[in-house]
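Below you'll find the structure, written out as structure tokens, and then a few comments.
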Amino acid sequence: MARESSRPGITDVARLAGVSLSTVSRAMNGNPTVDPALAERVLAAAAELGYTANPVARSLVLGRTQTVAVVIPDLENPTFQAILRGLSRAATVDGYHVLVADSREDLDEEHALARATRLRTDGVILCAPRMPEEELATLLPALSPAVVINRGPQPSAPVVGADYGSGMREIVDHLTSLGHRRLVYLAGATRSVTHRARQDAIAAAISRTAGLEVDEIAAGVDFDSGTAVADQVLASGATAVIAYNDLVAMGLLSALTVRRVEVPGQVSITGFDDIPFAAYTSPPLTTAAVPAVEIGAAAWAAMYAQLTGGGPTPTLTLSPTLVVRGSTAAPPSA
């Protein structure tokens, strides 16, 4: 009686199909060396018995966990959440799970998490790593297979990301086309490659635009960072502000509203990323929309290609799109 109610095993499948245990194992794992007729017989027997492979046992046989790790600097950031959404959905379709590790903007933690998670997973995706270029280049071979998001080209891992320089160029051109010549840039993650891309785009705009001045104020990457620099922004005399991201822009917008400063009547504000809340601020935020979900999906495609023996994946760079809303207008008349 106990045998009749027990869960069918691989031995039962082998007996019914008339094949060896190793043939069942290889057929269930999709091994192409199995004769198609035998594979079909094994799968039919498994279906008849209601047999499904134990995932732990399958991992031991294949030497895989069917899991990849994603190390990010800030899990609270909506842009990273969107990247994770695109990545995890694509991974699920291919039968993989995603383990998320938050380094909390700590360089030592980021390095340790990358190594530790690789021991427990089939690969590591580093999302906007903050570590210096030399350290990253040294680490990546030890993590292989690995994928990097939002960094420059790497010799030992594919890179997927957004062109933050082009997004910043569109924002500055938008503001200068409105007549603004005195701007402030609220700098965020100053150790990041994306910050340097923003700086380079601003420098290029200054060189090609007569009379353009852009001051830089150290801020941060979250809502409170924008709130904290409101008085510095007003003291600068700037007619427009370029925030590092939408969270910083929203914090500044809130602080200026409390101070009864009209946006965009007295000061225009732009963000970056186009997080879901950006369209619902008052006024709605002008920003550069980063295709974060698509970046996540592309990062998974690059990882999956390595896991399945595919060829090298070239660097993929997606361009942000300027979204003009109510937080920007022409500067107040003198």
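Fair warning: this is a prediction, and the values are worked out from it, not measured in the lab.
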Could you go through residues 132-147 and list every donor-acceptor pair under 3.5 Å that involves a side-chain atom there, pairing it with any protein atom two or more places apart or in another chain?
| from | atom 1 | to | atom 2 | distance (Å) |
| --- | --- | --- | --- | --- |
| E133 | OE1 | R151 | NH2 | 2.9 |
| E133 | OE2 | Q154 | NE2 | 2.6 |
| T138 | OG1 | E134 | O | 3.0 |

Quiz item: Taking the side chain from D273 and the backbone from I275, do they hold a donor-acceptor pair closer than 3.5 Å?
Solution: no
Practice problem: Apply side-chain contact (heavy atoms from CB on, under 4.5 Å) to the pair W300 and V93, showing each step before the final yes or no. | Solution: CA-CA 11 Å; W300 169 251; V93 171; over 6 Å; no
Quiz item: Cation-pi between R198 and Y185: NZ/CZ under 6.0 Å from ring centre and within 45° of the ring axis?
Solution: no
Self-check item: salt bridge (Lys or Arg N to Asp or Glu O under 4.0 Å) partners of residues 314-328, not counting sequence neighbours, each pair once
Solution: D274-R325
Quiz item: Any side-chain donor paired with an acceptor under 3.5 Å for T11 and R15?
Solution: no
Practice problem: Measure the CG-CG distance between D74 and D222 for me, rounded to the nearest 0.5 Å. | Solution: 8.0 Å
Quiz prompt | Expected output: side-chain Q81 to main-chain L75 donor-acceptor under 3.5 Å | solution = yes
Practice problem: Could you tell me whether D173 and R208 make a salt bridge, using a distance below 4.0 angstrom between a side-chain N and a carboxylate O? | Solution: yes
Quiz item: Does a donor on one side chain sit under 3.5 Å from an acceptor on the other, for D106 and S103?
Solution: no
Quiz item: What do you reckon, is CD of E76 surrounded by more than 12 foreign heavy atoms closer than 6.0 Å?
Solution: no
Quiz prompt | Exam field: side chain T328 to backbone S268, donor-acceptor pair closer than 3.5 Å | solution = no
Quiz item: Has the side chain of R118 got a donor or acceptor atom that lies under 3.5 Å from a matching backbone atom of T121?
Solution: yes
Quiz item: Does V68 offer a backbone N or O that forms a donor-acceptor pair with the side chain of D122 under 3.5 Å?
Solution: no
Quiz item: Hey, are E110 and R130 close enough for a salt bridge, meaning a charged N less than 4.0 Å from a carboxylate O?
Solution: no
Exercise. May I have the step-by-step check of side-chain hydrogen bond (donor to acceptor under 3.5 Å, both in side chains) for S236 and D215, ending in yes or no?
Key: CA-CA 8 Å; S236 72; D215 294 330; 5.4 Å; no
Practice problem: Classify the angle between the aromatic ring planes of Y244 and H195 as parallel (below 30°), tilted (30 to 60°) or perpendicular (above 60°). | Solution: tilted
Quiz prompt | Check: T287/D246 side-chain N/O donor and acceptor closer than 3.5 Å | solution = yes
Quiz item: Crowded around R120 CZ? As in, over 12 foreign heavy atoms under 6.0 Å?
Solution: no
Quiz item: What's the spacing between L212 CG and R182 CZ if we round to 0.5 Å?
Solution: 11.0 Å
Quiz item: Under the side chain to side chain donor-acceptor pair (under 3.5 Å) test, which residues partner N245, sequence neighbours left out?
Solution: none
Quiz item: Between the main-chain N or O of I206 and the side-chain N or O of T209, is there a donor-acceptor pair closer than 3.5 Å?
Solution: no
Exercise. Report yes or no: does R115 contribute a side-chain atom to a donor-acceptor pair with the main-chain N or O of H111 at less than 3.5 Å?
Key: no
Exercise. Measure from the side-chain N and O atoms of R85 to the backbone N and O of A292, and report whether any donor-acceptor pair falls under 3.5 Å.
Key: no
